[in-house]
Amino acid sequence: MHIVVDTDRCVGGGQCVMAAPEIFDQNDDDGTVVLLRADPPPDASAAVREAARLCPALAITLVEEEQ
Amino acid sequence: MSATVGHVVVVGASAAGVTVADTLRDEGHDGRITLIGAEPERPYDRPPLSKDVLAGTREPAATALRTHTHYEDRGIELRTGRTVVSADPTAREVQLDTGETLRYDVLVAATGVGPRRLPLGLPHGQRRPHRLAGVHVLRTLHDLAAFRTDMLTAHRVVVVGSGLLGMEVAATCRGLDVGVTVVSRGPAPLHGQFGATVGGKVAALHVEHGVDLRSGVGVADLTEARGRVTGVTLTDRSTVAADVVLVAVGSDPHTGWLADPMRGLDTADGLGCDAYCRAAPGIFAAGDVARWHHPALGAPVRVEHRMNATEQGICVARNILGAAQPYAPVPYAWTDHYDARIQTYGFMGPRHQFAVVEGSLTERRFVVVYGMHGRVTGALAWRYPKGLRRARELVAQTAPWAEIHNRRRTSAAMSTTTAATTTTSLHSRGVLR
């Protein structure tokens, strides 16, 4: 799984940080998403999917790698 | 599990309805899903309408909630431009405006809200205000296109109502250098949402940006010439000349299709539900239209915010699949005005206790918490998103009001730059009400 975030769309709600704190953070200034790990470990994928689903700005896109 | 679910009909194809459909698919429902939307467009996102789409910095098409092929790819039968006119919970059927009848096993009401309009019987003249050219509401992409066209050539827009929508539109219009008058029934904009102190900050910000703010008055009448609005007369008898009027005086839930008393549903204010967002056997509600029993508050609530549409949609889908999960969110909302973003968690209003916990009101970068009956119920941040996340814990735990004093001490000790102002605002302000 690969994560792409759109910081222009991000509204700084921090839902992603609560869902997957190892993967997402917020910048201090405006709360916009900071991606800590664009390629999360497999055991984080459920939390990352929840983060993407919760994002009220649809700013998180997940690219599933095909084998 | 999903073999017993059968055909899920979701009425309303905006954020809540789309989330219900997607979550059902993601979490194992392989039966039929029909998603019915009244608007002709494929499902789109509403918050940008009063912000970047109105400003012209985002194309209307870029508000799409999902890709064009998403619904087909996921096996979701999307019917746009179709209205459900009634439901029969006994026969488990809904009737469409086409005359068609659809059988369902599970029905989800996600029909949202519609804008309130000015009273029809304004004292002067017989003409209904919303029939005048230049008078608008803003809820849909269709509304947006009409309002935006008029607004771009306007000398002055009068915004009637000073809630979230009205004030965001006022800010966006000022950004385009269009003259704006806001008519606010309350003492300050957003007073009903955030209380007097934050409302006063919002008022000052808008006035600095050139908004002509008329507080504590209502609209008595509209003036017109040849079927087009020419201005408004206020209840203090003053007049404002305007070529465009936006009516943003709140909204009402779309429950007309469920309102027949014979059906035994509670549609007094939205569709009444239990803690699982269930209105009746086989009927659920999500998003703006849902009034449910919040287990942590012990009271029925209805939340008209974007984040709730997603969170409640997820919960409803899981409960359809048998999760039996009470819905107890800490509602999140945000609103943008010029360079200021205001974000909130939980519940707050003019009658709540109020205290600053981080930052300073005078610097216009702060976090405040709200309380009721000795408990923290909400938090608000003005240009202070990380501080808000810290305050969220207090809201999530409905912490005793006394605990905010510890919080203040900690934050003052942590931040030497804001310690002085924090302490000052604490002592002078304390608990206002």
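Order of the sequence lines fixes the chain letters, A, B, ..., with proteins taken first and strands second; residue numbering starts at 1 for each chain. Treat the numbers as computed from the prediction; the structure is a model and nothing was measured.
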### Task
Specify which of B:D22, B:T19, B:D26 makes the most heavy-atom pairs with chain A at under 4.5 Å.
B:D26
### Task
Evaluate side chain to side chain contact (heavy atoms under 4.5 Å, CB included) for B:V356 paired with B:S360, printing each intermediate quantity in order.
CA-CA 7 Å; B:V356 180; B:S360 103; over 6 Å; no
### Sequence-distant partners of B:R25, salt bridge (charged side-chain N to carboxylate O under 4.0 Å, His left out), two or more places apart
none
### Task
Under the side-chain contact (heavy atoms from CB on, under 4.5 Å) rule, collect the residues that match up with A:R37, sequence neighbours excluded.
A:I23, A:P41
### Atom group of A:D28 that falls short of 4.5 Å from chain B, counting heavy atoms
both
### Message
Would you call the rings of B:Y327 and B:W292 parallel, tilted or perpendicular, taking 30° and 60° as the class edges?
### Response
tilted
### Query
Are there residues of residues 50-61 of chain A that reach to under 4.5 Å of chain B by heavy atoms, and which ones?
A:E50, A:R53, A:L54, A:P56, A:L58
### Summary
Cut-off 4.5 Å, heavy atoms of chain A, and the answer for B:L65 is both
### Message
If we ignore hydrogens and angles and just use 3.5 Å, is the side chain of B:R58 paired with the main-chain N or O of B:T63 as donor and acceptor?
### Response
no
### Message
Which atoms of B:A309 are under 4.5 Å from chain A, going by heavy atoms: the side chain, the backbone, both sets, or neither?
### Response
neither
#### Entry: chain A contact via B:A340 - which portion, at a heavy-atom distance below 4.5 Å
neither
#### Entry: Toward chain A, the part of B:D52 with a non-hydrogen atom under 4.5 Å
neither
#### Entry: Criterion side-chain contact (heavy atoms from CB on, under 4.5 Å) against B:V330, the qualifying member of B:R392, B:E311, B:E393
B:R392
### Query
Looking just at side-chain N and O atoms, do B:Y44 and B:R46 make a donor-acceptor pair shorter than 3.5 Å?
yes
### Any side-chain donor near an acceptor of the partner, B:E358 and B:Y384, under 3.5 Å
yes
### Query
What residues, two or more places apart in sequence or in another chain, satisfy ring-ring contact (aromatic ring centres under 6.0 Å, His included) together with B:W382?
B:F366
### Summary
Max heavy-atom pairs within cutoff under 4.5 Å with chain A, candidates B:R383, B:R341, B:Q343, goes to B:R341
